[in-house]
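This structure is a prediction, so every number in the text was calculated from the model and none was measured. Residue numbering restarts at 1 for every chain, and letters A, B, ... go by the order of the sequence lines.
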There are 2 protein chains.
Amino acid sequence: MTVHSSEARAGRASADPDRAAKRERILDAAERVFAQRGFYAAKVADIAREAGVADGTIYLYFKNKDDLLICLFESRMERVIQILGDAVAGATGPRAQLRAFVAAYLTLIADQPTAAEVLTIELRQSTKFMREYSPQRFGELLRILATVIAAGQATGDFTDQVPAPHAARMIFGMLDEMALAWLLGRAPRRRGQKPASPLATGRERGKMPAPHGTDFDISRAADWVAALVTTGLERRSPA
Amino acid sequence: MTVHSSEARAGRASADPDRAAKRERILDAAERVFAQRGFYAAKVADIAREAGVADGTIYLYFKNKDDLLICLFESRMERVIQILGDAVAGATGPRAQLRAFVAAYLTLIADQPTAAEVLTIELRQSTKFMREYSPQRFGELLRILATVIAAGQATGDFTDQVPAPHAARMIFGMLDEMALAWLLGRAPRRRGQKPASPLATGRERGKMPAPHGTDFDISRAADWVAALVTTGLERRSPA
DNA sequence: CCTGACTGAATGACCGTTCATTCATCGGAG
DNA sequence: CTCCGATGAATGAACGGTCATTCAGTCAGG
């Protein structure tokens, strides 16, 4: 399908650019389906339908369902790291860089909620695996942050009470939790199908509108995170 | 179908205490198996064997596999909340209470790594579901923390730049991430069986000893978290 | 004997994966 | 330019393996 004018040329030419596009179509579909149903509940057939291809076609592009998840992770994570790296590079001085990182991360979540949902929620279904499987990507993200902090410690802007790598981990934890809270607090489910949750196979409980009433402006979260990270909770000077 | 937990009473004399004990045996077994294999990869038969009962027996105590996970969650989470509540109650003043909470949480992780693994890692396999399903328990935990913070804000010990509930979330995120890092950084796998990870069905990569070389004294983590939370990264006074 | 807790082999549904087949496209021969 | 066989991407029905769940028995205690 599609292949109109362009590809023509040198015989097999259609293979490369077209192939990549279809691969991307499948990844996009997988992203949507995983986000909606969760990895384990997502059927390969669902993804195929969503991508508009046959079940078997998926196996021409990916080794198996696991491979699909891994490739999706790699693809999206690369994008994330790119953006965060740019954000940091675009700021000057540890404080500004730290703030830029935080803001960029949360903006990313807000802008790409579907991708974020997969990275933040569904991939956790195999966090243990993912972090064992591709510590690089995830470590890369932490390293960007740790580098900023270490730099700040070197210049004396930041205290060195907390080792930079651990500080980075904690900050990531804060961001991750805020992202999670925000993602779960949005309009609950999308389409008509079964309510997605991997476990909900059994009964269907009346879906509560939002987990706790958790629903907030995520851009404000950046300020909260930045405030907590830089100045902490304690009042600086007595009242 | 199946009994509703507490109903029994009258009927069989031995029924109640005995029954509860066996139920607990199954829960313990499930905890171990889930921690080792992950929820989806864990077979009901594995849990039965681990508990020393027949497959069918599990269904005399739990409605189904999902129910088993839910009950496990409820059981362990109750314990956690109890302990954290006590820790806070045992300290005086917002700062001390905050520190007590942090220390108690991480101590819990260190003392009960198996339970922690289930709550922190494997339950995440269905975070979306769990948090939708039982927001109470999880919210309870956050509320303990938020209450401490709000109290501190009221007394003027803490800044109110960050709304207490969100501050609580962020702190929990930090703790969670540190717990995760520590749990994943320990001696990788236990028994002989397949390497547990739900996804690793495919190839088997030479298991790296530890994700990044992440391995640290978790009790020290309490200090880091407390430091970051209370005073932040920025140096208080110029160098 | 009853009773009912317990057993574990048997059942059946479900889904990832395969593969025989289809068909659009292409290049060379006439 | 047209025709023809080759090519391999795409298809989707069917396969096979894996478990969760069931239930017809077993048996110990009363």
Side-chain angles (χ1 to χ4, degrees), chain A residues 1-23 25-26 29-30 33-34 37-70 193-194 198-203, chain B residues 1-3 5 7-23 25-26 29-30 33-34 37-70 193-194 198-203:
Chain A
M1 43 194 62
T2 46
V3 264
H4 289 126
S5 41
S6 54
E7 94 321 319
R9 238 343 44 88
R12 211 99 345 277
S14 69
D16 213 28
D18 228 21
R19 195 180 160 73
K22 182 166 282 190
R23 196 186 127 98
R25 269 237 312 287
I26 295 174
V33 175
F34 286 157
R37 298 251 204 292
F39 177 72
Y40 287 97
K43 284 173 263 191
V44 172
D46 292 338
I47 297 169
R49 192 173 345 100
E50 180 81 18
V53 301
D55 298 10
T57 304
I58 296 206
Y59 292 87
L60 296 176
Y61 292 84
F62 301 94
K63 191 145 56 61
N64 52 38
K65 194 184 172 189
D66 287 357
D67 188 46
L68 186 48
L69 180 66
I70 292 168
Q193 307 260 21
K194 277 205 299 185
L199 270 184
T201 44
R203 87 300 295 304
Chain B
M1 49 220 26
T2 323
V3 247
S5 48
E7 96 319 327
R9 137 52 148 316
R12 295 304 116 250
S14 67
D16 214 27
D18 230 17
R19 191 179 163 74
K22 182 165 281 191
R23 194 186 127 99
R25 269 236 312 288
I26 295 174
V33 174
F34 286 157
R37 297 253 206 292
F39 176 72
Y40 288 97
K43 284 172 267 195
V44 170
D46 291 338
I47 297 169
R49 191 171 347 99
E50 181 81 19
V53 301
D55 298 10
T57 304
I58 297 206
Y59 290 88
L60 297 175
Y61 292 84
F62 301 94
K63 191 145 53 65
N64 53 35
K65 195 184 171 190
D66 287 358
D67 187 46
L68 186 47
L69 180 66
I70 292 167
Q193 307 259 22
K194 277 203 298 183
L199 270 184
T201 44
R203 87 296 297 304

State, to 0.1 Å, how close A:K63 and A:D67 come at their nearest heavy-atom pair, and which atoms those are. N-OD2, 2.9 Å

Quick note, B:A54 side chain, CB onward, closest among D:dT11, C:dC6, C:dG8 is C:dG8

Scan A:F62 against the nucleic acid and name what it touches under 4.0 Å (heavy atoms): base, sugar-phosphate only, or nothing. nothing

Atom-to-atom span, CD1 of A:I26 to C1' of D:dA10 - whole angstrom: 11 Å

Length of the line joining B:K22:NZ and C:dG4:C1', which is rounded to integer Å: 13 Å

Residues in side chain to side chain contact (heavy atoms under 4.5 Å, CB included) contact with A:Y61, at least two apart in sequence or another chain: A:R19, A:K22, A:R23, A:I26, A:T57

Give, for atom CG of A:D55 and atom CD1 of A:I47, the distance between the pair rounded to the nearest 0.5 Å. 10.0 Å

Whole-Å distance between C:dC6 C1' and B:Y61 OH? 9 Å

Between the protein and nucleotides 14-21 of chain C, which nitrogen or oxygen pairs are less than 3.5 angstrom apart?
residue : atom : partner : partner atom : Å
C:dG16  : OP1  : A:A42   : O            : 3.4
C:dG16  : OP1  : A:K65   : NZ           : 3.1
C:dG16  : OP2  : A:V44   : N            : 2.9
C:dT17  : OP2  : A:Y59   : OH           : 2.8
C:dT17  : OP2  : A:K65   : N            : 3.0

When you compare the side chain of B:D66 with that of B:F39, does any pair of heavy atoms fall below 4.5 Å? yes

Rounding to an integer number of Å, can you tell me how far B:R19 CZ sits from C:dC6 C1'? 12 Å

Quick one: B:I58 CD1 to D:dC19 P, roughly how many Å, whole number? 15 Å

With Watson-Crick and G-U wobble geometry limited to distances under 3.5 Å, how should the secondary structure of DNA chain C be encoded in dot-bracket form, using | for bases paired to another strand and [ ] for crossing pairs? ||||||||||||||||||||||||||||||

NZ/A:K65 to OH/A:Y40 distance, rounded to the nearest 0.5 angstrom? 8.5 Å

Within this structure, what is the CZ-to-P distance between B:R37 and D:dA20, rounded to whole angstrom? 12 Å

For A:E50 and A:A29, the nearest pair of non-hydrogen atoms, with its separation, is CG-CB, 3.6 Å

Protein-nucleotide distance (B:L60, atom CG; D:dC23, atom P), rounded to Å: 13 Å

Within a strict 4.5 Å, meaning less than it, do heavy atoms of the B:F62 and B:I70 side chains meet? no

For B:D46 versus B:A41, what's the shortest heavy-atom pair and its separation? OD2-O, 4.5 Å

